[in-house]
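Any value given below was found using the heavy atoms of this structure, including those in side chains, with hydrogens, waters and symmetry copies removed.
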Amino acid sequence: MASPSIQPAFRPLLVIVVIALLQLVAGLKEVDDDTCDCYLTNSSSSNYYTTHKFFDFRDLAQYSGVPDPITDPYDSSDADVTSDYFRAHDWEDVWGIQQWNNSDGVESGDVPTLMVNSPNNIYIEEGDATTFLTMRTLRYRHFQSAAEFESISKAYHFLSVRMYARTIGDPGAVTAMFTYRDGGDPNQLSHVQESDLEIRTMDPVDKVQYTNQPSYSFKGNDIPAATRNATTPVKADWTQWSVHRMDWTPTATTWFIDGQDVASIAFQVPRDPSQVIFNAWSDGGEWSGRMHVGGAAYLQIQWIEIVYNQTGNEHTSTRHYSKRVNDDDDGDDDGICKNICSIDDTKTIGKPVLLHGDASRTAAAAFLGAGGVWLPLLLVAVFFY
């Protein structure tokens, strides 16, 4: 009788099972990203990604300082960055701080309040025991000062992005982490491709909105299948420091808080390469609410971590996305993922660990030679039953 075959869709889950068994007998080794051919994420949305980036704002006291607000909208838009951190290549090569405004929407009557993005509202702040990046939005009598930065690259094509963050402040603001593809024509809803994590400061602190846009039709009707208003885990409301995670895959967008799956949407999942964007804003409209004059709200972030695939790279083709592990038995050495790493199973945030691959075979061989003969039999059982 032939052995049952393993369906490709289950392969990542089986790899996770095998790796969990390995963890029982050996510690995982922290490695540099140069060692990793790909990264396997955990959970029900587990997938393989080719690239890892980590932005750590926790030890930047030399750049810290809260800038005075700028009360003129034009001066606010034209402001310089708040520290040399935002001039460094590690930042500027990946992120762009925005200075655009919504004056066209105000003039057309689509939104009631002028909103101006300012570099002055993105800064490093010092807390009790750590530093963090703050994104500030403030309400003045004649305009709302906001903050946004977006990825320079518009070629992210499936990812897992996380931020260790909290939102605090007055009602009437939105803080967000999302992917976005500019469809070219804002009047064509069918062109919109966007996966959102949004916190509205007028909402209860245990509610977060998750959406695969658009969430409404041309006639203005809501599309319930596109959005979820989820409840945060206990002790993880959005005013508390928590890990907010979004996994965008070909079949669904899934969101997590502190490792707990809180929402997943398979309806109108973004298809094409996109940007990654973070912002804190308000336009006085129905969605954000209207902040009182003198009010302010803040998105504060200790770190951002991303594993992703990207277009323009042979490693992100459909073939490579569906088959990462070099497990061919025909001697063909074209598998691109010999060394599989994880950012989920590490004890040091931002530092990957090696799960499986050539770089770990010496250690594995040493273990097997020390009396671990039973392990191969156990792995065979996992794959065939």
Side-chain angles (χ1 to χ4, degrees), residues 12 15-16 31-57 89-96 149-165 176-182 193-197 210 212-213 243-256 259 264-265 269-279 301 303-325 336-346 349-355:
V15 172
I16 290 174
V31 295
D32 294 329
D33 285 311
D34 290 344
T35 302
C36 305
D37 295 315
C38 66
Y39 303 84
L40 177 63
T41 54
N42 62 3
S43 81
S44 58
S45 65
S46 61
N47 277 284
Y48 294 98
Y49 303 95
T50 60
T51 309
H52 171 231
K53 290 188 183 298
F54 181 63
F55 302 89
D56 193 351
F57 312 118
H89 287 299
D90 286 348
W91 175 269
E92 288 194 324
D93 289 350
V94 181
W95 305 109
F149 63 87
E150 62 183 37
S151 64
I152 301 297
S153 173
K154 299 181 180 181
Y156 290 90
H157 202 190
F158 309 123
L159 54 75
S160 178
V161 56
R162 304 96 183 275
M163 64 174 176
Y164 187 50
M177 176 180 78
F178 59 105
T179 63
Y180 175 75
R181 180 177 177 84
D182 185 356
Q193 296 188 56
E194 181 177 339
S195 285
D196 294 341
L197 177 164
Y210 303 107
N212 281 342
Q213 299 286 359
V243 178
H244 294 269
R245 168 179 167 183
M246 180 174 70
D247 286 10
W248 166 38
T249 73
T251 57
T253 309
T254 306
W255 293 267
F256 306 80
S264 186
I265 302 175
V269 179
R271 307 172 302 280
D272 298 315
S274 303
Q275 291 177 282
V276 179
I277 303 176
F278 296 79
N279 61 20
I301 307 171
W303 51 259
I304 295 170
E305 188 164 26
I306 315 175
V307 286
Y308 62 93
N309 291 332
Q310 193 166 4
T311 57
N313 183 327
E314 63 178 3
H315 291 179
T316 58
S317 68
T318 301
R319 174 179 176 274
H320 284 142
Y321 186 85
S322 62
K323 183 178 185 299
R324 294 285 178 181
V325 184
I336 67 162
C337 195
K338 296 179 181 178
N339 292 325
I340 307 171
C341 294
S342 170
I343 63 170
D344 296 308
D345 297 311
T346 183
I349 295 298
K351 189 74 171 177
V353 292
L354 183 64
L355 298 178

Thiol sulfurs of Cys36 and Cys341 closer than 2.5 Å: yes
Determine whether Asp32 and Pro352 make a side-chain contact, defined as any pair of heavy atoms from C-beta on separated by less than 4.5 Å. no
Do you know which two heavy atoms are closest between Asn339 and Leu354, and how far apart they sit? CB-CD1, 3.8 Å
Between Ser274 and Asp272, is there a donor-acceptor pair closer than 3.5 Å when you use the side chain of the first and the backbone of the second? yes
For Tyr49 and Trp248, work out which heavy atoms get closest and say how close. OH-O, 3.9 Å
Begin with the C-alpha distance, continue with both residues' side-chain angles, and end with the deciding distance and a verdict on side chain to side chain contact (heavy atoms under 4.5 Å, CB included) for Phe57 and Ile301. CA-CA 7 Å; Phe57 312 118; Ile301 307 171; 4.1 Å; yes
Please check if atom CG in Asp93 has more than 12 non-hydrogen atoms from other residues, nucleotides or ligands closer than 6.0 Å. yes
Worked verdict on Ser342 versus Asn42 for side chain to side chain contact (heavy atoms under 4.5 Å, CB included): CA-CA 8 Å; Ser342 170; Asn42 62 3; over 6 Å; no
Are any side-chain N or O atoms of Ser264 and backbone N or O atoms of Thr254, one a donor and one an acceptor, separated by less than 3.5 Å? no
Look up atom CZ in Phe54 and atom CD1 in Ile304, then write down how far apart they are to the nearest 0.5 Å. 10.0 Å
Polar contact flag, side-chain donor to acceptor under 3.5 angstrom, Thr50-Gln310: no
Which atom pair, heavy atoms only, marks the closest approach of Glu305 to His52? OE2-NE2, 2.6 Å
Centroid-centroid distance, Phe149 to Trp91, less than 6.0 Å: yes
Does this structure show an ion pair linking Lys154 with Asp182, if we count only N-O contacts that are shorter than 4.0 Å? no
Might you point out which heavy atoms bring Ser160 and Asp247 nearest each other, and give the distance in Å? OG-OD1, 2.5 Å
Answer yes or no: is there a side-chain heavy-atom contact under 4.5 Å between Phe55 and Trp303? no
So, are Asp344 and Arg245 salt-bridged, with charged N and O less than 4.0 Å apart? yes
With a 3.5 Å distance limit and no angle check, can you tell me whether Gln193 reaches the backbone of Arg271 through a side-chain donor-acceptor pair? yes
Where does the angle between the aromatic ring planes of Phe278 and Trp95 fall among parallel (under 30°), tilted (30 to 60°) and perpendicular (over 60°)? perpendicular
If we count only N and O atoms by modelled type, under 3.5 Å, do the side chains of Asn212 and Glu194 hold a donor and an acceptor together? no
Test side chain to side chain contact (heavy atoms under 4.5 Å, CB included) on Thr41 and Val307 and set out the steps. CA-CA 9 Å; Thr41 54; Val307 286; 3.9 Å; yes
Between Asn309 and Leu159, is there a side-chain heavy-atom distance shorter than 4.5 Å? no
Side-chain donor-acceptor pair under 3.5 Å between Arg181 and Thr179, yes or no? no
Looking only at heavy atoms, what is the nearest atom pair of Trp255 and Ser195, with distance? CZ2-CB, 4.4 Å
How many angstroms lie between atom CE of Met163 and atom CD1 of Ile306, to the nearest 0.5 angstrom? 11.5 Å
Side chain to side chain contact (heavy atoms under 4.5 Å, CB included) between Val276 and Glu150, intermediate numbers included: CA-CA 6 Å; Val276 179; Glu150 62 183 37; over 6 Å; no
From Arg162 CZ over to Met177 CE, what is the distance, rounded to the nearest 0.5 angstrom? 9.5 Å
Main-chain N/O of Ile349 paired to Thr346 side chain as donor or acceptor, under 3.5 Å: no
Given the rule in the ring pair (Phe, Tyr, Trp, His ring centres under 6.0 Å) test, do Tyr308 and Tyr156 qualify, once you have shown the distances and angles that lead to the verdict? CA-CA 7 Å; Tyr308 62 93; Tyr156 290 90; 4.6 Å; yes
Contact between Asp345 and Leu355 at the side-chain level, heavy atoms closer than 4.5 Å - yes or no? yes
Would you name the heavy atoms of Leu197 and Phe178 that are closest together and state the gap between them? N-CB, 4.4 Å
